[in-house]
Amino acid sequence: MEEFGEKTVLVTGASSGIGAAVATAFASAGASVAVHYHRNVSGAEAVLAAIESAGGRGMLVGADLMTPNGADDVVSAAEAEFGPIDVLVNNAGDLGGRENVADVSDSAYAHVMDLNMGTVFRACRRVVPSMIKEGGGAIVNISSIAARNGGGGRSVLYASAKAAVSTFTRGLAREVGRHGIRVNAVAPGVIDTPFHDRHSTPKRLEEIASTNPLGRIGTPQDCVGPVMFLASPVMGGYVTGQVLEVNGGALTP
């Protein structure tokens with residue numbers, strides 16, 4: 001991971017779960033890391049403290065990425081502190097809630113789609129021109145197993161939004177590859193994060209673990225290696241437009 005020593009990395013939704021683990025790992029590999037958060041200030045501060053206690057360089061950037069200028073403000077702040085973004089990890093997103101399609105309001109639909117797909121689009125729109133100017137970069141989007149299997153109970157909108165993330169990843173990779181920018185995604189299965197504290201019961205998680213080929217649900221750390229592999233110009237330099245499934249064998253497409 002020595003190639004990250006001179007890099008600037010922005011991780012959105014990095015105050016807990018997968019984002020927190022990824023941000024900490026990049027900092028441990030020598031990168032300067034912008035830790036984005038929205039509401040979870042204490043979580044973001046804990047991530048920054050872990051980065052700095054390990055001798056890494058980090059900064060906090062708070063913003064709502066669903067606002068028109070949110071992504072612009074986050075990227076501008078990171079660039080002002082650390083220089084152009086070399087690696088963008090789009091991790092921010094959430095289920096929004098479990099509802100049957102017939103019960104979903106227009107506003108709830110718009111919220112879930114924008115929270116999971118719109119935030120990715122706006123961050124990429126802001127970062128890509130800078131990466132082109134700098135001669136390349138890497139973008140890793142966080143999709144989901146739901147993008148392929150349609151999601152768990154009453155989460156079809158979330159699954160649809162994550163499917164859009166996967167398709168956007170493939171399309172953007174084709175668009176910007178000639179500029180030296182690689183775009184990939186990681187699609188986690190069920191991971192033990194605050195996401196499932198909010199949206200899944202302990203009983204359901206036990207059932208999922210019991211049927212997984214590896215006999216457990218995943219951890220945020222299980223996603224770190226795949227993200228860093230895809231971001232690495234050494235290990236993943238000829239990989240673009242791919243969605244890497246990280247689910248313990250729960251789905252083998």
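As the structure is a computational prediction, the values presented were derived from the model and not from experiment. Computation of the quantities below employed the complete heavy-atom set of this structure, encompassing side-chain atoms and omitting hydrogens, waters and symmetry-equivalent molecules.
Looking at residues two or more places apart in sequence or on another chain, you find a salt bridge (charged side-chain N to carboxylate O under 4.0 Å, His left out) between Arg216 and Asp222. Looking at residues two or more places apart in sequence or on another chain, you find no salt bridge (charged side-chain N to carboxylate O under 4.0 Å, His left out) involving Arg170. With sequence neighbours excluded, no residue forms a side-chain hydrogen bond (donor to acceptor under 3.5 Å, both in side chains) with Thr8.
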Could you pull out every donor-acceptor pair under 3.5 Å between side chains of residues 64-71 and any protein atom, sequence neighbours left out?
residue : atom : partner : partner atom : Å
Asp64   : OD1  : Met66   : N            : 2.9
Thr67   : OG1  : Asp64   : O            : 2.7
Thr67   : OG1  : Gly70   : N            : 3.2

Output a table of donor-acceptor pairs, distance under 3.5 Å, between side-chain atoms of residues 38-51 and any protein atom two or more places apart or on a different chain; print 'none' if there are none.
residue : atom : partner : partner atom : Å
Asn40   : OD1  : Ser42   : OG           : 3.4
Asn40   : OD1  : Gly43   : N            : 2.9

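Counting only N and O atoms by type, the side chains of Asn141 and Thr169 include a donor and acceptor under 3.5 Å apart. Residues Thr240 and Arg182 have side chains that never bring a donor and an acceptor to within less than 3.5 angstrom of each other.
Val176 has its side chain within reach of Val183: a pair of non-hydrogen atoms, C-beta onward, lies under 4.5 Å apart. Put simply, the side chain of Phe26 reaches to within 4.5 Å of the side chain of Val227, judged on heavy atoms. Tyr37 places none of its side-chain heavy atoms less than 4.5 Å from the side chain of Ser16.
Annotation: ring-ring contact (aromatic ring centres under 6.0 Å, His included) contacts involving residues 102-151, sequence neighbours excluded, are absent.
Minimum heavy-atom separation, Gly58 to Glu52: O-OE2, 4.2 Å. Listed here is the closest heavy atom pair of Ala147 and Ser166: CB-OG, 3.9 Å. Pro84 and Ser130 make their closest contact through CB-OG, 3.9 Å (heavy atoms, listed as atom of the first residue, atom of the second, distance). Taking all atoms of both residues into account, the shortest heavy-atom contact from Pro188 to Val186 is CD-O, 3.3 Å. Between Ala14 and Ala23, the shortest heavy-atom distance links the atoms CB-CB, 4.2 Å. Smallest separation of non-hydrogen atoms from Val128 and Ile181: O-CD1, 4.0 Å.
Val165 and Leu157 fall into different hydrophobic clusters, where Ile, Leu, Val, Met, Phe, Trp and Tyr side chains are chained together by heavy-atom contacts under 4.5 Å. Met59 and Val87 fall into different hydrophobic clusters, where Ile, Leu, Val, Met, Phe, Trp and Tyr side chains are chained together by heavy-atom contacts under 4.5 Å. In the hydrophobic clustering of this structure, Leu10 does not group with Val33; members are Ile, Leu, Val, Met, Phe, Trp, Tyr whose side-chain heavy atoms approach within less than 4.5 Å, directly or through other members. Hydrophobic cluster membership is shared by Met113 and Val104, with clusters built from Ile, Leu, Val, Met, Phe, Trp and Tyr side chains linked at under 4.5 angstrom.
Applying the 6.0 Å contact sphere to CG of Asp106 captures no more than 12 heavy atoms from other residues, nucleotides or ligands.
Partner Ile139 forms a side-chain contact (heavy atoms from CB on, under 4.5 Å) with one of Val120, Leu230, Asn90 and no other, that one being Asn90.
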